[in-house]
Amino acid sequence: MPELLTLPEELFEPARQADVIDRMAKPASRGPLPVEAQFDAELVGVPTPNDDGRVEIVAYEREDAAELILAHREAVGRHFSPSELWDERELCARDPIYFVGRWLDVSTKFGIGTDRIVPFALFPYQVRGIRLYQRARRQGLGIFSDKSRQLGESWRYMALYLHALLFEEGVPLFATSRKEEEVDNGGAKSNVKSLFGRIRFMYERLPDFLRLNPDNHKESLEFKYLNVNNPHTGAFLAGEGATEEIARSATYEVGILDEFGRIERSETALASAMAAIRCLIVNSTPEGEANAFARLHKTLTKPKSEKDLTLRQRFLVSRIHWSENPIYNRGIRYDGDGRLVSPWYLKETAGLTEEAAAAEYDIEYAGSLPGRFFPEFSYALVKPAEEVKLRKDTFLYLSADHGFGDTEVWGLWQTDGRTWADLVDEWHEVPEGSRHGANLTSSEVAESLLRWLKTWDLSLWDFESLIADPSGAARDETSGQSHWQLLRGTWHRITGRIPPELTPASNDFTAGIASVRVLLRGIWNGKPFRVRVSDRCTHTIDSMLNYRRKIDRTTGRILPDEVKDWTNHAADMFRYFVHSVYPAIGDVVDAGSNEESYVHLIQAGRR
């Protein structure tokens, strides 16, 4: 008979939120040893009904727990009557911990003996995670979870999704990850390399009394590409690859943004998801500081405003460090630098840089994207929309970068002409199916821009200048007209007035980069200067944080050329305004490939 272990009850209970927040604000790698590391055992919790029908968590060694769980399944299959099977199903429906910990299997490289498919025996941190999820569902809150890699969190969340799909009436669920194939890689033929494939793996290994619908004994779930549906209850799971318009097409009870730290356009994506999902799970390992995941971590742990405090009230927080896994923490100790290490940790991080190991396993956010053009741009410049209000008594500007088959971006700026400038709002094309559409014609862009300006009670004639990408003046071979001519022609047709001319932006790339960097450092004309960006401008924020130079993959050397991707257009829009209105004058030496070097120049005043 497997031997149960006597452990403190709090091992399976979520810590107080204040304690978790305090822990998240400190380096995880230098924290105290977790309770799990104080036992010379691979601890797991087995959900066990007591005499009054409630489920308790009983601790066992991992191999003993697997033996107990498999014996229970065999006994149920051989000896339970139909009414007892119904009671077992009801117990599973009532308590997801019991369902996951007694009936689901996982595929893992840390098997038992030679078996790589083993019962989902729950480590203590996984029991705590399920209970935190239950609390979030009851209270309509989200979950922010930063974690080390390889802790089975995606498996756990998909197990909870499977529970909801089988036992909850009509619940709408959502999932996304960095790439579409990481969400679903085959529909009815998916495998465990994708989120939906993990659900299918666990579902198809269930016994009939749990897998089949009890009313008609047909399969409960249907697996189609990026969709899992329970036609008997109306519950469904929708998935998509990460876009900046995440979950825009519907509303959901629960949604997970998996590996969110690695998702592009993360600010826009987060805003979209928060509007569409009641219980939003933001789950990732850190990926530097230039993304919404890092910003959300900072906001939740160190709120600085009423808006930050309001946001913190929408989330429960969770931190899971590798040292809490009883397999990984065998032989755990402090190294000479006071960092937690173990034989497993040293093996896993042997080929990684110190920065990569700190992010992937030690949950540290320090470090930034290499080769950034604007390392001076940070979240410190981003201010709440209610703080960056439109002031019509200032100088107003529009600046634009044209997409020509890609994203077109316009920025609404205000400035006093001497000491400060605000980016108040942005307009941009976004991928197909979202609110603006994609690859709009020149006329459609012109119409949409007028509608956008109308929301601010502005017209084209309210601006000092319309500073635009000079390539917009080039004539199209098909139409014989330039983008600018088509814009102004549409504006004339709609308003009945001759629209203002568009002013070609200065397109000196090196000098423009220098101008932006100097202004972001709070200097112009040798005097203090303040730049603010409204948090409405999520696309621009994402772009400025991620706009970077190419890197030689062989040598790791940062090259002078820009990476041509989604970040270019908003960054160019920003550069066009700054270098046209607040240029850095004098001898300019480009920072080149070294993002740490300063842009040397002599300020000589405004043109």
Side-chain angles (χ1 to χ4, degrees), residues 12 14 44-49 53-55 57 69 72-73 76 85-107 119-123 125-141 143 145 152-175 190 192 195-214 219-223 227-239 252-256 258 277-281 283 318:
F12 297 107
V44 295
V46 178
T48 306
R54 290 184 299 117
V55 173
I57 306 299
I69 292 168
H72 171 74
R73 294 179 185 178
V76 171
L85 288 176
W86 179 258
D87 290 341
E88 183 75 8
R89 179 183 172 90
E90 285 294 292
L91 186 55
C92 288
R94 191 165 64 247
D95 194 325
I97 292 180
Y98 186 83
F99 172 70
V100 175
R102 283 283 184 168
W103 287 103
L104 296 188
D105 290 334
V106 293
S107 175
F120 202 150
L122 295 163
F123 294 124
Y125 67 84
Q126 292 174 318
V127 176
R128 296 195 296 267
I130 294 176
R131 285 177 167 165
L132 191 71
Y133 167 86
Q134 290 176 294
R135 177 181 167 189
R137 292 288 309 275
R138 288 194 303 269
Q139 298 179 356
L141 299 174
I143 297 174
S145 176
E153 284 296 273
S154 297
W155 276 98
R156 177 172 66 83
Y157 281 120
M158 292 307 100
L160 291 169
Y161 270 19
L162 176 57
H163 180 272
L165 288 166
L166 289 174
F167 301 119
E168 292 190 42
E169 291 284 335
V171 62
L173 308 171
F174 177 82
S190 59
V192 297
L195 297 177
F196 285 25
R198 291 170 189 171
I199 293 176
R200 193 175 74 86
F201 173 89
M202 292 183 283
Y203 169 76
E204 291 185 348
R205 295 181 66 83
L206 286 173
D208 287 354
F209 81 95
L210 290 173
R211 196 182 75 255
L212 302 182
N213 181 270
E219 292 288 342
S220 293
L221 302 186
E222 298 173 345
F223 289 83
N227 184 271
V228 184
N229 178 52
N230 187 330
H232 312 288
T233 67
F236 70 91
L237 167 61
Y252 301 92
E253 171 65 20
V254 188
I256 182 169
D258 196 41
I277 300 168
R278 180 172 180 264
C279 176
L280 176 63
I281 301 165
N283 180 58
S318 168

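Quick caveat, the model's predicted, so the values are computed rather than measured.
- The closest side-chain heavy-atom distance from Asn213 to Glu219 is not below 4.5 Å.
- Checking Gln126 against Trp155 by side-chain atom types alone, no donor-acceptor pair falls below 3.5 Å.
- For Thr48 (side chain) and Val46 (main-chain N/O), a donor-acceptor pair under 3.5 Å exists by modelled atom type.
- Taking 4.5 Å as the limit, every side-chain heavy atom of Leu206 sits out of range of all side-chain heavy atoms of Leu212.
- Side-chain contact between Tyr252 and Phe236 is present, with heavy atoms from C-beta onward closer than 4.5 Å.
- Tyr125 places a side-chain heavy atom less than 4.5 Å from the side chain of Glu153.
- With a 4.5 Å cut-off on side-chain heavy atoms, Arg156 and Leu160 count as touching.
- Contact check on Glu253 versus Arg137 returns a salt bridge, with a Lys/Arg side-chain nitrogen under 4.0 Å from an Asp/Glu carboxylate oxygen.
- Here Tyr157 contributes atom OH and Ile199 contributes atom CD1; the two are 14.0 Å apart, rounded to the nearest 0.5 Å.
- Rounding to the nearest 0.5 angstrom, the gap separating the CZ atom in Arg131 from the CD1 atom in Ile97 is 4.5 Å.
- Between Pro119 and Leu104, the closest side-chain pair of non-hydrogen atoms is not below 4.5 Å.
- A donor-acceptor contact closer than 3.5 angstrom is absent between the side chains of Asn230 and Ser220.
- In this structure, the separation between CG on Leu122 and CD1 on Ile57 is 7.0 Å, given to the nearest 0.5 Å.
- We find that Arg102 and Asp95 are not joined by a salt bridge, their nearest charged nitrogen and carboxylate oxygen being 4.0 Å or further apart.
- Side-chain N/O atoms of Tyr98 and Glu88 include a donor and acceptor closer than 3.5 Å.
- With a 4.5 Å cut-off on side-chain heavy atoms, Leu141 and Cys279 do not count as touching.
- By the 30° and 60° cut-offs, the orientation of the rings of Phe223 relative to Tyr203 is tilted.
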Go through it in stages, so that I can follow the logic: the residues are Thr233 and Phe167, the test is side chain to side chain contact (heavy atoms under 4.5 Å, CB included), and I'd like the CA-CA distance, side-chain angles, deciding distance and then a yes or no.
CA-CA 8 Å; Thr233 67; Phe167 301 119; over 6 Å; no
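- The aromatic ring centroids of His163 and Trp103 lie 6.0 Å or more from each other.
- Expressed to the nearest 0.5 Å, how far CD of Glu222 lies from CG of Asn229 amounts to 5.5 Å.
- Separation of atoms CZ (Phe174) and CD1 (Ile277) is listed at 5.5 Å; rounding is to 0.5 Å.
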Decide yes or no on salt bridge (Lys or Arg N to Asp or Glu O under 4.0 Å) for Glu90 and Arg94, but give the supporting numbers first.
CA-CA 6 Å; Glu90 285 294 292; Arg94 191 165 64 247; 5.5 Å; no
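- Looking at Arg89, its side chain does come within 3.5 Å of a backbone N or O of Phe209 through a donor-acceptor pair.
- Using a distance-only test at 3.5 Å, with no hydrogens or angles considered, a donor-acceptor pair links the side chain of Arg198 to the main chain of Val192.
- Shortest non-hydrogen contact noted between Leu165 and Ala235 is O-CB, 3.9 Å.
- Here the CD atom belonging to Glu168 is positioned 7.5 Å from the CG atom belonging to Leu173, to the nearest 0.5 angstrom.
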